Chemist: 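Here it is: the structure, laid out below.
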Amino acid sequence: MVHFQPIRRPTTAPQAAGSSLEEVGPQRSTWPLRELCKRRLLTDMVGRVRSIMESERQADDVRRQTFAKLVLVTDDLMLRLINNVCSLTELREADVCCMERIQDERQAPLPGIDCMYFLEPTADNVERLVQDLSPDGPDYNSLHVFFSRRLDEELLQELASAPESERLRFVGELNLGIFPYDNRCFHLGDGGEALSAILEDVPPELNALAKVAHRLATLPLSLGVRPRVLFSKRSAGAMTGGSSSSGLGICERLAREVHVRFDEVELQGAPWKKPKGPDEKRPETCTMLIVDRSVDWMPLLVHDMHYESLLYDMLGEAADLERGKFKYVEDGTEKWVTLGEGSDTIWDGCRHAPYWRARDIVLQEMRELKQRDDEIRATVGNSALAASSSRVSRRVSVTVATVQSLPEHKERHRRTDMHSYICVQCVSAIQKQKLEEVGPFEQDLATGISYDGIKGGLSGGSRGVPLWRALAPRRAVERELLMLLQDPELDSSVKTRLLLLFFASEVGAGCEDSKRSLLASHLAPEDRPLVLSRQWRASQRSESEDELLRRRRRFKDRWLDLASRSGNCHATCRFRRWEPRLRHLIEEIVHGSLDRWEFPEVRSRPGGAALFLDSLGSSSTSAIGSSGDGHCVIVFVVGGITLPEARIAHEVSRSLGVEAFVGGSCLLRPEALQQAMHGRDAGSV
């Protein structure tokens, strides 16, 4: 028997009135991914089975006497999805009495109980289903089978020819195959396989690509909308002339597979063609953009100073990204605590805030708790002035102890203590890795804009800083890089990350081999091959001068905007100038300025199934609108998505008034890049 292990993820928090874009919690969504997946499981799957059972019970006197509960049988992948979005209580309330894995030896807990299956459509699962339908299988009354995506025709015929196939009451597709991290971010849990394939420029097998396409398509299918599908022409395979047999990049191949999947759904009866339910909401338009990790390596190299990203980046094994848990020492005992569980208002407010703002929020919470306790003591003491001093003291102590023993009061104290502990650990890690020095230099490399250059330009009181003055001088950059690499107190892993960032930046991209070798000599011997590898150099995208110019201007304007809104806050201007490229791509999709030459659209020819690429005519896409709940943008990153990119999905949704979702092959921590280059996969889930 499989025990439930509910995984609680961060929930969305309402935007505080008057708060700025940079300092609010997660943005609410019309279609929150976690709630969407939960509804698909509990309503579309469990609810449908209960409806079938109820109709049979009303029509059959014998069935009316049978047990009204359900057994849920699943495989490891779908078990992970169920645990990700549903709690044990929610499943029990839906009449699911137990859950088991299909590969385990099983017997019906009660004779005549119905069984519901939620499975990946694999040959192994179908074979086990056929065994369950044999006379020697578990004594289930009826079987209701839901596959996460389309089942091949051959496997369907194999299932239909099972010995007791008449016990199959339902066989269908649920079309649910994504793992929501939060309400705007999802992944497919590939464990870093796609990232390694991109670095090695090894094309995936066609069957593996089709599986990814079918799982990715389940998100728009769950939303009830067919998206237009765009892709990056410059991707693994395509960047080096195409190592795949088809000569197409991985993004184009995946986009074609996704498009074919939607064509199949059109023939079967697409959900977007069905009438809406009375309370059903569907996006008016949807755009899906498929890119690979080479579109932006910076989120895996720059130390992002926002609370959630910093926590999972800096605190190592104490932070479990897969389960959303943190190892916290309480009363001398180590405990795993779920971040964002219940009414954790601190996490809601801190999660996407810079760590110094998070620290202030925690300190304010501590002050409020202390003030509350002091007010209770003062109130009780004033009401008992006529009593003796000893009696007053005892009464105050008892009252305070009673209040502090209340569950909600204890939980609030525990959460505050935990976040205080996290802040202390983050600050300690920042000091240990010298991020006060390294961080601003990383921002210079990632943006191509010098902090000192803009600061000097603003010293005269003028906001207009010429772009040439804001650029990071090459010689100054190389001098500072060498100084950091020669620092004996700086950890080699930090130096490696910094050097990888330098070679990925516009300043260091054209370094000669001799200079690369000289800089790498300052690293630990085991790390030198990483920065000198041809894989890393080949994975870099070359950018035109126009692209570099647009990027510099964008980051310069962001610097000035942050300085204006934060009152020239020193930390904000030094540590928050860079932002992931996914933000710019989503904004360009919304405003209709996305380059159609670099990101063409896959379409079907009128009257035929053949595909063609729409990159003719206008050099940019059409705008989708910038307000209301009717517009949806999905960006999928082959190779994995990062937490800074998950954060910008919330920020862009708030600022542009669209529903933005980001996803990837897996959820990546920054360490995943070096581990993939070393041939390990512990940094991704």
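We're numbering straight along the sequence, starting at 1. Keep in mind it's a predicted model, so treat the numbers as computed, not measured.
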Chemist: For a quick test of reading the model, state the closest non-hydrogen atom pair linking Tyr312 to Ala319 and the distance between them.
Modeler: CD2-CB, 3.6 Å

Chemist: Looking at every non-hydrogen atom in both residues, tell me the closest pair between His419 and Tyr307 and how far apart they are.
Modeler: ND1-OH, 2.9 Å

Chemist: Taking only residues two or more places apart in sequence or in another chain, which ones pass ring-ring contact (aromatic ring centres under 6.0 Å, His included) with His584?
Modeler: Phe555

Chemist: Report all side-chain donor-acceptor pairs from residues 518-531 shorter than 3.5 Å, counting only partners two or more places apart or in another chain.
Modeler:
from: Ser521; atom 1: OG; to: Leu518; atom 2: O; distance (Å): 2.5
from: Asp527; atom 1: OD2; to: Ser492; atom 2: OG; distance (Å): 3.0
from: Asp527; atom 1: OD2; to: Thr496; atom 2: OG1; distance (Å): 3.4
from: Arg528; atom 1: NE; to: Leu523; atom 2: O; distance (Å): 3.0
from: Arg528; atom 1: NH2; to: Ser521; atom 2: O; distance (Å): 3.3
from: Arg528; atom 1: NH2; to: Leu523; atom 2: O; distance (Å): 3.1

Chemist: Could you tell me whether the side chain of Leu195 reaches within less than 4.5 Å of the side chain of Asp190, counting heavy atoms only?
Modeler: no

Chemist: Using salt bridge (Lys or Arg N to Asp or Glu O under 4.0 Å) as the criterion, list what pairs up with Asp487, not counting sequence neighbours.
Modeler: Lys434

Chemist: Testing the basics here: between Arg574 and Pro440, what is the closest heavy-atom pair and its distance to 0.1 Å?
Modeler: NH2-CG, 3.0 Å

Chemist: Counting heavy atoms not belonging to Lys515, are there more than 12 under 6.0 Å from its NZ?
Modeler: no

Chemist: Below 4.5 Å, heavy atoms only, C-beta onward: do Ser222 and Leu176 meet side chain to side chain?
Modeler: yes

Chemist: So do Glu547 and Arg552 actually touch side chain to side chain, heavy atoms under 4.5 Å?
Modeler: no

Chemist: Taking the side chain as everything from C-beta on, heavy atoms only, tell me whether His303 gets closer than 4.5 Å to Gln433.
Modeler: yes

Chemist: Using a strict cut-off of less than 4.0 Å between a Lys/Arg side-chain nitrogen and an Asp/Glu carboxylate oxygen, indicate whether Asp304 and Arg647 qualify as a salt bridge.
Modeler: yes

Chemist: Assess whether a salt bridge exists between Glu257 and Arg253, defined as any Lys/Arg side-chain N lying under 4.0 Å from an Asp/Glu carboxylate O.
Modeler: no

Chemist: Does CD belonging to Glu512 count more than 12 external heavy atoms closer than 6.0 Å?
Modeler: no

Chemist: For Gln103, what residues pass the side chain to side chain contact (heavy atoms under 4.5 Å, CB included) criterion, not counting sequence neighbours?
Modeler: Asp76, Arg101, Arg128

Chemist: What residues form a side chain to side chain contact (heavy atoms under 4.5 Å, CB included) with Pro121, not counting sequence neighbours?
Modeler: Phe147, Ser148, Arg149, Leu151

Chemist: Please identify each residue that fulfils salt bridge (Lys or Arg N to Asp or Glu O under 4.0 Å) with Glu645, with sequence neighbours left out.
Modeler: Arg293

Chemist: Less than 4.5 Å apart, any side-chain heavy atom of Leu81 and any of Phe118?
Modeler: yes

Chemist: Listed by chain and number, what are the side chain to side chain contact (heavy atoms under 4.5 Å, CB included) partners of Ala509, not counting sequence neighbours?
Modeler: none

Chemist: Could you list the residues that satisfy salt bridge (Lys or Arg N to Asp or Glu O under 4.0 Å) with Arg550, not counting sequence neighbours?
Modeler: none

Chemist: Report the residues that fulfil side chain to side chain contact (heavy atoms under 4.5 Å, CB included) with Thr122, sequence neighbours left out, ordered by chain and then residue number.
Modeler: Glu120, Asp124, Asn125

Chemist: Under 4.0 Å between a Lys/Arg side-chain N and an Asp/Glu carboxylate O for Asp292 and Arg234?
Modeler: no

Chemist: With sequence neighbours left out, what residues match Tyr328 under ring-ring contact (aromatic ring centres under 6.0 Å, His included)?
Modeler: Tyr421

Chemist: Excluding sequence neighbours, so at least two apart, what forms salt bridge (Lys or Arg N to Asp or Glu O under 4.0 Å) with Glu579?
Modeler: Arg558, Arg583

Chemist: Could you pull out all residues at least two apart from Phe179 that satisfy ring-ring contact (aromatic ring centres under 6.0 Å, His included)?
Modeler: His187

Chemist: Do the side chains of Glu598 and Lys233 get close enough for a salt bridge, i.e. N-O under 4.0 angstrom?
Modeler: no

Chemist: Nearest heavy-atom pair of Pro644 and Trp578: which atoms, and what distance?
Modeler: CB-CH2, 4.3 Å

Chemist: Whether Lys325 and Asp320 form a salt bridge (side-chain N of Lys/Arg under 4.0 Å from carboxylate O of Asp/Glu) is what I want to check.
Modeler: no

Chemist: Over all heavy atoms of both residues, which pair between Leu585 and Val295 is shortest? Give the atoms and the distance, please.
Modeler: CD1-CG2, 4.2 Å

Chemist: Does Asn175 form a side chain to side chain donor-acceptor pair (under 3.5 Å) with Arg215? I'd like the steps, not just the answer.
Modeler: CA-CA 8 Å; Asn175 280 315; Arg215 292 184 63 190; over 6 Å; no

Chemist: Salt-bridged, Arg497 to Glu671, with N to O below 4.0 Å?
Modeler: no

Chemist: Would you call Arg554-Glu588 a salt bridge at under 4.0 Å N-O?
Modeler: yes

Chemist: Can you confirm whether the side chains of Asn183 and His650 place a donor and an acceptor under 3.5 Å from each other?
Modeler: no

Chemist: Would Glu489 and Lys432 pass as an ion pair if we require N to O under 4.0 Å?
Modeler: no

